[in-house]
Amino acid sequence: MIITVSRQFGAGGSEVARRVAQELGWRLVDNELVDRVAERAGLPPDEVAQRDESAPGFVERLVRVLTRSVPELFPKPAEKVPEPEEATLVRVTETVVAELAAEGRVVLVGRAGPAVLRGKYDALHIKIVAPIGDRLRTAAERLGVAPRDAEKVLQETDANRARYLKQHYGRDWNDSTNYDMVLNSGTLGLPGTTAVVVAEARRRWALTVRSER
């Protein structure tokens, strides 16, 4: 059993995931995915970027770590080791995501979860969206800038998430049929959005959830 949470930037997806995990008593996996890759590579977690897979710089920074620490994954030229293509990092990420999913009772944020886990696990795939105005205000507060200055970051982040999914999985990030539920946190609020996800999880896995109480 796993719940994946995809989200527009500034829609509160990470917070909803945290609340859902807390309510169900499940494990939240957000930046932990990067921590796990760092552990496998034999490095302290603080040497690996704690950022979303689609954020600028994530791929380059994590690839440099893996190239140094897990050389069997990459070419071994005589002098300088070139940075591998993003597809190589995607394969590493897929492996770790699959391992986490196999453990069960996980709420996974991002990492193209619906595409990576398609049809392979008992999963509930959620996407959190919100009106642009709400997202700009949230992003501005998070970044500590004016809403107009947060707009570029918001647009670039969402565009890169869409690009990542299309390039590596041939999926349209904005296609609602790729998810079991698309929830508007701007209308429902974070508590309401959380309640809908928890209710569906309890409906879908009723016996298991009741046994955990």
Side-chain angles (χ1 to χ4, degrees), residues 1-9 11-40 45 48 50-55 58 62 89-130 161-162 164-165 168-185 187-213:
M1 298 176 296
I2 182 170
I3 298 172
T4 70
V5 179
S6 304
R7 71 278 189 232
Q8 292 180 321
F9 188 77
S14 291
E15 176 61 16
V16 168
R18 185 192 69 77
R19 295 183 184 205
V20 168
Q22 183 177 43
E23 183 69 20
L24 294 176
W26 287 13
R27 180 181 178 186
L28 174 66
V29 177
D30 197 335
N31 288 326
E32 182 188 342
L33 181 141
V34 183
D35 290 339
R36 246 170 113 141
V37 172
E39 181 180 359
R40 178 171 299 176
V48 181
Q50 298 302 294
R51 302 176 64 181
D52 186 87
E53 82 283 359
S54 63
F58 175 90
L62 187 51
L89 178 59
V90 170
R91 290 195 296 272
V92 175
T93 302
E94 287 174 346
T95 298
V96 178
V97 168
E99 290 173 356
L100 290 167
E103 294 172 10
R105 295 183 178 86
V106 169
V107 180
L108 175 68
V109 180
R111 281 79 197 182
V116 174
L117 302 175
R118 57 193 180 281
K120 298 178 182 177
Y121 297 89
D122 189 5
L124 173 61
H125 301 302
I126 309 297
K127 184 173 182 181
I128 310 299
V129 302
R161 286 173 179 168
Y164 185 93
L165 195 63
H168 298 292
Y169 301 101
R171 286 192 171 198
D172 181 355
W173 188 62
N174 294 308
D175 184 351
S176 61
T177 62
N178 288 324
Y179 313 95
D180 295 308
M181 293 194 296
V182 178
L183 302 174
N184 185 341
S185 62
T187 300
L188 296 171
L190 296 183
T193 304
T194 301
V196 173
V197 178
V198 169
E200 175 58 18
R202 288 176 174 165
R203 185 199 68 80
R204 183 171 296 206
W205 299 301
L207 295 177
T208 302
V209 173
R210 276 201 292 268
S211 70
E212 292 172 359
R213 293 287 179 178

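Since this is a predicted model, take the numbers as computed values, not measurements. For the single chain, residues carry numbers from 1 onward in sequence order. Side chains are part of it too, since the values below use all heavy atoms of this structure and drop only hydrogens, waters and symmetry mates.
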I128 versus Q8: any side-chain heavy-atom pair under 4.5 Å?
-> no

Approximate separation, where rounding is to 0.5 Å, of R202 CZ and L24 CG | 6.0 Å

Does the R161 side chain pair with the main chain of R7, one donor and one acceptor, at a distance under 3.5 Å?
-> yes

Verdict with reasoning, T4 to Y179, per side-chain contact (heavy atoms from CB on, under 4.5 Å) | CA-CA 9 Å; T4 70; Y179 313 95; over 6 Å; no

Decide side-chain contact (heavy atoms from CB on, under 4.5 Å) for V96 and E94; before the verdict, give the C-alpha distance in whole Å, the side-chain angles of both, and the deciding distance to 0.1 Å.
-> CA-CA 6 Å; V96 178; E94 287 174 346; over 6 Å; no

State, to 0.1 Å, how close A115 and L165 come at their nearest heavy-atom pair, and which atoms those are.
-> CB-CD1, 3.8 Å

Do the side chains of I126 and E200 get nearer than 4.5 Å, heavy atoms only?
-> no

T194: partners by side-chain contact (heavy atoms from CB on, under 4.5 Å), with sequence neighbours left out = V16, R19, V20, V198

N178 side-chain N/O to P114 backbone N/O, donor-acceptor pair under 3.5 Å = no

In chain order, what residues pass the side-chain hydrogen bond (donor to acceptor under 3.5 Å, both in side chains) check against D122, with sequence neighbours excluded?
-> W205

Which distance, rounded to the nearest 0.5 Å, do you find between the OG1 of T187 and the CG of N184?
-> 3.5 Å

A17 and V109 have their tightest heavy-atom pair at CB-CG2, 3.4 Å

Using the side-chain contact (heavy atoms from CB on, under 4.5 Å) rule, take R27 and E103 through it: C-alpha gap first, then chi angles, then the decisive distance, then the call.
-> CA-CA 10 Å; R27 180 181 178 186; E103 294 172 10; 2.4 Å; yes

What residues form a side-chain hydrogen bond (donor to acceptor under 3.5 Å, both in side chains) with N174, not counting sequence neighbours?
-> none

Counterpart residues, salt bridge (Lys or Arg N to Asp or Glu O under 4.0 Å), relative to R18 (two or more places apart) = E15

So, the side chain of S185 versus the backbone of A11: is there a donor-acceptor pair under 3.5 Å, distance only?
-> yes

Counting distance only, does the side-chain N/O of K127 pair as donor-acceptor with the main-chain N or O of W173 below 3.5 Å?
-> yes

Sorted by chain and number, sequence neighbours left out, side-chain contact (heavy atoms from CB on, under 4.5 Å) with V196 holds for M181, L183, L188

Please round to the nearest 0.5 Å and tell me the distance separating atom CD1 of I3 and atom NE2 of H125.
-> 11.0 Å

Residues in side-chain contact (heavy atoms from CB on, under 4.5 Å) with A21, at least two apart?
-> L28, V107

Pair I2-L108, side-chain contact (heavy atoms from CB on, under 4.5 Å): steps then yes or no = CA-CA 7 Å; I2 182 170; L108 175 68; 4.1 Å; yes

